[in-house]
Structure formats: C-alpha cells, structure tokens
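Have a look at the structure below, then the notes.
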Amino acid sequence: MKHIVKILTLVVAITALWIALLQTSMVPSSHTWLLPIYFVVSLGCYGLLMVGVGLMNFPTCPQEALLLQKDIIEAKEYLNQKGVDVSSS
C-alpha cells in the first residue's frame with residue numbers, strides 16, 4: 001500500500017507542475033503540451049532500466065541447481081523403469 005501512495009503522490013505532483021506550467025507563460029505552450037508524453041517515455045525508460053538492473057543482479061543458487069539435477073536424474077530413472085525412453089540424443 002505504501003508504494004501506491006508514493007506513486008500517486010508523484011503523479012499528483014507532476015500533474016500540478018504541468019498545470020502550473022500551462023497557466024504561466026514561462027514555457028511555450030507547444031512544449032508544455034508535450035510534457036505528459038515525455039513523462040510516459042521517461043517512465044518507460046526507467047522501467048526498462050530497472051528490469052535490466054534486476055537481471056544483472058539476479059542471484060545464482062548453486063544448491064538449488066544441484067537439487068534440480070538430482071531430481072532430473074530421479075525422474076529419468078523412474079521413467080526408464082516405466083519403459084519410457086528419455087535418452088538425451
């Protein structure tokens with residue numbers, strides 16, 4: 001719930017800033033109308049960056065890999081007992 005409150009607060013703050021820029025003539029209105037598009041593109045880039053960082057920091061689990069190999073061997077033995085051919089080639 002806390003994360004959604006942060007996101008909504010950010011969206012409200014950006015919306016207020018955008019409306020304030022529309023009301024004042026500090027920035028040309030042609031540029032001001034494009035700010036939501038820039039925001040969405042920036043948010044997409046941020047999301048891709050976070051996915052990339054998450055993939056780079058993905059933990060490896062050597063113990064789980066060994067357990068998985070053991071389970072594969074057990075499954076192959078079980079299927080061989082039942083008459084199913086599970087050869088690798």
Side-chain angles (χ1 to χ4, degrees):
M1 187 67 184
K2 292 179 183 179
H3 193 65
I4 193 131
V5 171
K6 288 180 189 178
I7 292 172
L8 288 175
T9 304
L10 181 65
V11 168
V12 168
I14 290 172
T15 304
L17 177 68
W18 182 55
I19 290 172
L21 286 173
L22 283 174
Q23 297 297 320
T24 63
S25 59
M26 291 173 39
V27 179
S29 72
S30 61
H31 296 286
T32 308
W33 285 105
L34 293 175
L35 286 177
I37 295 170
Y38 294 150
F39 175 69
V40 170
V41 169
S42 299
L43 190 61
C45 291
Y46 174 76
L48 287 174
L49 176 72
M50 288 297 106
V51 167
V53 168
L55 287 174
M56 287 190 301
N57 294 331
F58 192 76
T60 57
C61 305
Q63 298 87 6
E64 296 298 322
L66 292 175
L67 289 174
L68 181 61
Q69 291 296 328
K70 182 180 170 187
D71 288 343
I72 290 171
I73 291 170
E74 289 177 10
K76 283 183 179 181
E77 290 173 358
Y78 174 77
L79 290 173
N80 280 334
Q81 290 175 355
K82 297 292 182 181
V84 178
D85 183 29
V86 289
S87 61
S88 299
S89 53

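We number each residue from 1, following the sequence as shown.
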List, one per line, each side-chain donor-acceptor pair under 3.5 Å for residues 57-64, sequence neighbours excluded.
residue : atom : partner : partner atom : Å
N57     : ND2  : V53     : O            : 3.4

(Q) Other members of the hydrophobic cluster containing V51, with the 4.5 Å side-chain heavy-atom rule, please. (A) L55
Q | Members sharing I7's hydrophobic cluster (side chains within less than 4.5 Å) | A | V11
Q. So how far is it from L79 CG to D85 CG, rounded to the nearest 0.5 Å?
A. 10.0 Å
(Q) Rounded to the nearest 0.5 Å, what separates atom CG in L43 from atom CG in L48? (A) 10.0 Å
Q: State which residues pass side chain to side chain contact (heavy atoms under 4.5 Å, CB included) with L17; sequence neighbours excluded, sorted by chain then number.
A: L21
Q. Does anything in residues 66-86 pair up under ring-ring contact (aromatic ring centres under 6.0 Å, His included), and if so which pairs, sequence neighbours excluded?
A. none
Quiz: residues 65-73 side-chain donor-acceptor pairs under 3.5 angstrom, not counting sequence neighbours:
none

